**Q** 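Below are the structure tokens for one structure; questions will follow.
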Amino acid sequence: MMNLFDLNGKVALVTGATHGLGMAMAKALAQAGATLVINGHTPDKMEKALAAYAEDGIQVKGYLFDVTKEEEVIKNLDAIEKEVGPIDILVNNAGIIKRVPMTEMDVEEFRTVVDIDLVAPFIMGRNVVKRLLKRNAGGKIINICSMMSELGRDTVGAYAAAKGGLKMLTRNMATEWAKYDIQVNGIGPGYFATEQTAPIRVNGHPFNDFIVGRTPAGRWGDPEDLAGTTIFLASKASDFVNGQVVYVDGGILATIGKPSNE
Ligand code: GCO
């Protein structure tokens, strides 16, 4: 039964995997046997990341490219398939957030967030799928969604719009590609202890206490909490799971929450 989760012989590409949730999910795929390839966009972060993977005994090849630029994506997917092998698993994790009230946000800022968090998964997804179809191979795509795929929050309007869109992009990718034995699903992380949430996860910061109280599990997520779901959605164990977003959120979406003084 555990063979269902075995990724030996599979090549997995994770975007934005030089830190945080991307790195945790990438490590999990490698530990389940996949040949790991990561994408990043800053040389110094890539260098540090490759050292961190090596420290864990994980072999990985890193490619620096801008996931929003299709010509760069095509050039790098060609290089990956030549230098490592055909891609079987794609994790669209690269993403940014800008916390600015919408009345104050520049239109260019809004476009940038949507470009990286929504348009890039489209560009990456279709170019990996074109290659899967060419070799008549099945495959896996995992889009990293968010609580903001379901909930709004002050100051993160562009992010919520993009992550809401990503949930529906996931469903439409599944609609168009499931017939080719390609499973497309999403993971919706709740509030995790990462660099991205550091500004709002400060002791005494009202949002920090709010999240701990709002999360039935009573804690921030640990990036390793995503490992199992990532391997499940990347493996044979999910061969008939399509167009779903699995929320790994300690129960946030399951509850209305409780008064802070309770
Ligand atoms: C925020 C957070 C969130 C989380 C995550 C929740 O400012 O609300 O950064 O966006 O990172 O996406 O699912």
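Both counts, for ligands and for their atoms, begin at 1 and track the order of listing. Keep in mind that the numbers below use all heavy atoms, side chains included, and drop hydrogens, waters and symmetry copies. All residue numbers refer to positions in the sequence shown, counting from 1. Keep in mind that what you see is a predicted model, and the values were worked out from it rather than measured.
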**Q** My understanding is that only one of N208, T194, D225 makes a side-chain hydrogen bond (donor to acceptor under 3.5 Å, both in side chains) with W220; could you say which?
**A** N208
**Q** Using distance alone, determine whether T197 and ligand 1 share an N or O pair under 3.5 Å.
**A**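 There is no such contact.
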**Q** Just which atoms of ligand 1 are under 4.0 Å from any heavy atom in S146?
**A**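 Reading through ligand 1 atom by atom, the close ones are 5 (C), 6 (C), 12 (O), 13 (O).
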**Q** Classify the angle between the aromatic ring planes of F210 and F207 as parallel (below 30°), tilted (30 to 60°) or perpendicular (above 60°).
**A**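 Rings of F210 and F207: tilted, as their planes differ by 30° to 60°.
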**Q** Check ligand 1 against P189 and write out every atom of the ligand that is under 4.0 Å from a heavy-atom position of the residue.
**A**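 Those of ligand 1 that fall under 4.0 Å from P189 are 6 (C), 13 (O).
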**Q** Answer side chain, backbone, both or neither: which part of Y159 comes under 4.0 Å from ligand 1, heavy atoms only.
**A** side chain
**Q** State plainly whether the residues R126 and E70 are in salt-bridge range, i.e. N to O under 4.0 Å.
**A** yes
**Q** Mark up the atoms of ligand 1 that fall under 4.0 Å of a heavy atom belonging to R153, in ascending order.
**A**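 Answer, ordered by atom number: 1 (C), 7 (O), 8 (O).
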**Q** Is any NZ, NE, NH1 or NH2 atom of the basic residue among E195 and R201 found under 4.0 Å from an Asp or Glu carboxylate oxygen of the other?
**A**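 No, E195 and R201 are not salt-bridged.
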**Q** Which of the atoms of ligand 1 are close to M147, meaning less than 4.0 Å from one of its heavy atoms?
**A** 6 (C), 13 (O)
**Q** Provide, to 0.1 Å, the distance between atom 2 (C) of ligand 1 and the closest protein heavy atom, together with that atom's residue and name.
**A** Y191 CE2, 3.5 Å
**Q** Inspect the contact between K27 and D56 and indicate whether a charged nitrogen and a carboxylate oxygen are less than 4.0 angstrom apart.
**A** yes
**Q** Heavy-atom pairs closer than 4.0 Å: do any link ligand 1 to the side chain of R99, the backbone, both, or neither?
**A**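 The part of R99 near ligand 1 is the side chain, not the backbone.
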**Q** Among protein heavy atoms, which sits nearest to atom 6 (C) of ligand 1, and what does the distance come to when rounded to 0.1 Å?
**A**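 It is G190 O, 3.3 Å.
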**Q** I need the atoms of ligand 1 closer than 4.0 Å to a non-hydrogen atom of I97, numbered in the order shown.
**A** 1 (C), 7 (O), 9 (O), 10 (O)
**Q** Which ligand 1 atoms are under 4.0 Å away from a heavy-atom of I200?
**A** 1 (C), 2 (C), 7 (O)
**Q** Strictly below 4.0 Å, N to O, side chains only: are E72 and K75 in salt-bridge contact?
**A**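 Judged by the 4.0 Å cut-off on N to carboxylate O distance, E72 and K75 do not form a salt bridge.
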**Q** Any carboxylate oxygen within less than 4.0 angstrom of a Lys/Arg side-chain nitrogen, looking at D239 and K236?
**A**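 Salt bridge flag = yes for K236 with D239.
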**Q** State the atoms of ligand 1, each with its element, that fall below the 4.0 Å cut-off from a heavy-atom position in Q196.
**A**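 This gives 2 (C), 4 (C), 9 (O), 11 (O) as the contact atoms.
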**Q** Answer yes or no: is there an ion pair linking E150 with K167, defined by an N-O contact shorter than 4.0 Å?
**A** yes
